[in-house]
Amino acid sequence: MNFQDLLDAIEMETDSMEELLSYITQQRDAVINKDLEAVQNLMKLLHSSSLKVHKYEALRDKAATSVAAEFNCEKKLYDICEAMGEEGERLRVSGEKLEKVVRAVEAESKTLRRLMEEGQKYNDMMLSEIRRLEGGGFSDSVSMDIKG
């Protein structure tokens, strides 16, 4: 593997992360709007998209290992870019773009997780209240003579 393979892998991983980000954002909106069907459909898309991300992440890792060995440096973007000189600038820009979208995915994922946890707490609270009311024996305690 060479420099171009590494650059391609980073760009493919970035594209797949942007797709993942789009699905997470859509799912967040669906949760907010309580659109269960959309949430379920997006879960399938998220799964498929995350598999692509893992595939490109593995390709990037393999290419980075190869390029780092070729330039006799650490398998870190900064070190590879330094070893490559001017050519490393394109790699640095692509790496920064990937890092930016990864941070956005992490932030959106945290927001989505928080929304889902809040929704679960709300559902649990409502179920508990319904059970309490059902178990309270309203029908047993209310006695009226309606024959009147």
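Along the sequence shown, residues carry numbers from 1.
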Practice prompt. Determine whether Leu20 and Lys52 make a side-chain contact, defined as any pair of heavy atoms from C-beta on separated by less than 4.5 Å.
Written response: no

Practice prompt. Without swapping roles, check the side chain of Asn33 against the backbone of Asp35 for a donor-acceptor pair under 3.5 Å.
Written response: no

Discussion item. Using every non-hydrogen atom in the two residues, find where Ala64 and Ile80 come nearest and quote the distance to one decimal.
Written reply: O-CD1, 3.8 Å

Practice prompt. Say whether, by atom type as modelled, one donor and one acceptor occur between the side chain of Ser22 and the main chain of Glu18 under 3.5 angstrom.
Written response: no

Discussion item. Quick check for you: to the nearest 0.5 Å, what is the distance between Leu115 atom CG and Gln120 atom CD?
Written reply: 13.5 Å

Item to complete: Kindly say whether Leu45 contributes a backbone atom to a donor-acceptor pair with the side chain of Ser48 at under 3.5 angstrom?
Response: no

Item to complete: Kindly compute the distance separating OG1 (Thr14) from CG (Leu21), expressed to the nearest 0.5 Å.
Response: 12.0 Å

Worksheet item: Between Glu96 and Lys100, is there a salt bridge with N-O shorter than 4.0 Å?
Response: no

Worksheet item: Thinking salt bridges, do Glu106 and Lys110 make one under a 4.0 Å N-O criterion?
Response: no

Worksheet entry | With Glu82 via salt bridge (Lys or Arg N to Asp or Glu O under 4.0 Å) - residues at least two apart | none

Fill in: For Met84 against Leu91, the heavy-atom pair lying closest together
SD-CD2, 4.0 Å

Worksheet, complete the sentence: In short, Val67 meets Phe3 closest at the heavy-atom pair CG2-N, 3.7 Å

Fill in: Test: Arg103 and Glu99 ion pair at under 4.0 Å
yes

Discussion item. What I want to find out is whether Glu129 reaches Arg132 closely enough, with some N-O distance under 4.0 Å, to be called a salt bridge.
Written reply: yes

Item to complete: Ignoring hydrogens and angles, tell me if any N or O in the side chain of Ser16 forms a donor-acceptor pair with the backbone of Met12 under 3.5 Å.
Response: yes

Worksheet, complete the sentence: On a heavy-atom basis, the closest approach of Gly88 and Cys81 is O-SG, 3.2 Å

Worksheet item: Can a salt bridge be assigned to the pair Lys75 and Asp61 using a cut-off of 4.0 Å between side-chain N and carboxylate O?
Response: yes

Worksheet item: Under a single-linkage definition using a 4.5 Å side-chain heavy-atom cutoff for Ile, Leu, Val, Met, Phe, Trp and Tyr, are Leu42 and Met116 assigned to the same hydrophobic cluster?
Response: yes

Worksheet entry | side chain to side chain contact (heavy atoms under 4.5 Å, CB included) partners of Ala83, counting only residues at least two apart | Phe71, Cys73

Discussion item. Can you list everything that forms a salt bridge (Lys or Arg N to Asp or Glu O under 4.0 Å) with Glu11? Sequence neighbours excluded, please.
Written reply: none

Worksheet item: Does Glu134 reach the side chain of Ile130, with side-chain heavy atoms less than 4.5 Å apart?
Response: yes

Fill in: Shared hydrophobic cluster for Tyr78 and Val102 (ILVMFWY, side-chain gaps under 4.5 Å)
no

Worksheet item: Does any non-hydrogen side-chain atom of Leu6 lie less than 4.5 Å from one of Ile10?
Response: yes

Response to the item:
When every non-hydrogen atom of Ser49 is compared with those of Glu19, the smallest separation belongs to OG-OE2, 3.1 Å

Response to the item:
Value for CD (Glu57) from CD (Glu13), rounded to nearest 0.5 Å, stands at 5.0 Å

Practice prompt. Evaluate the side-chain proximity of Val93 to Arg90: yes if any heavy-atom separation is below 4.5 Å, no if none is.
Written response: no

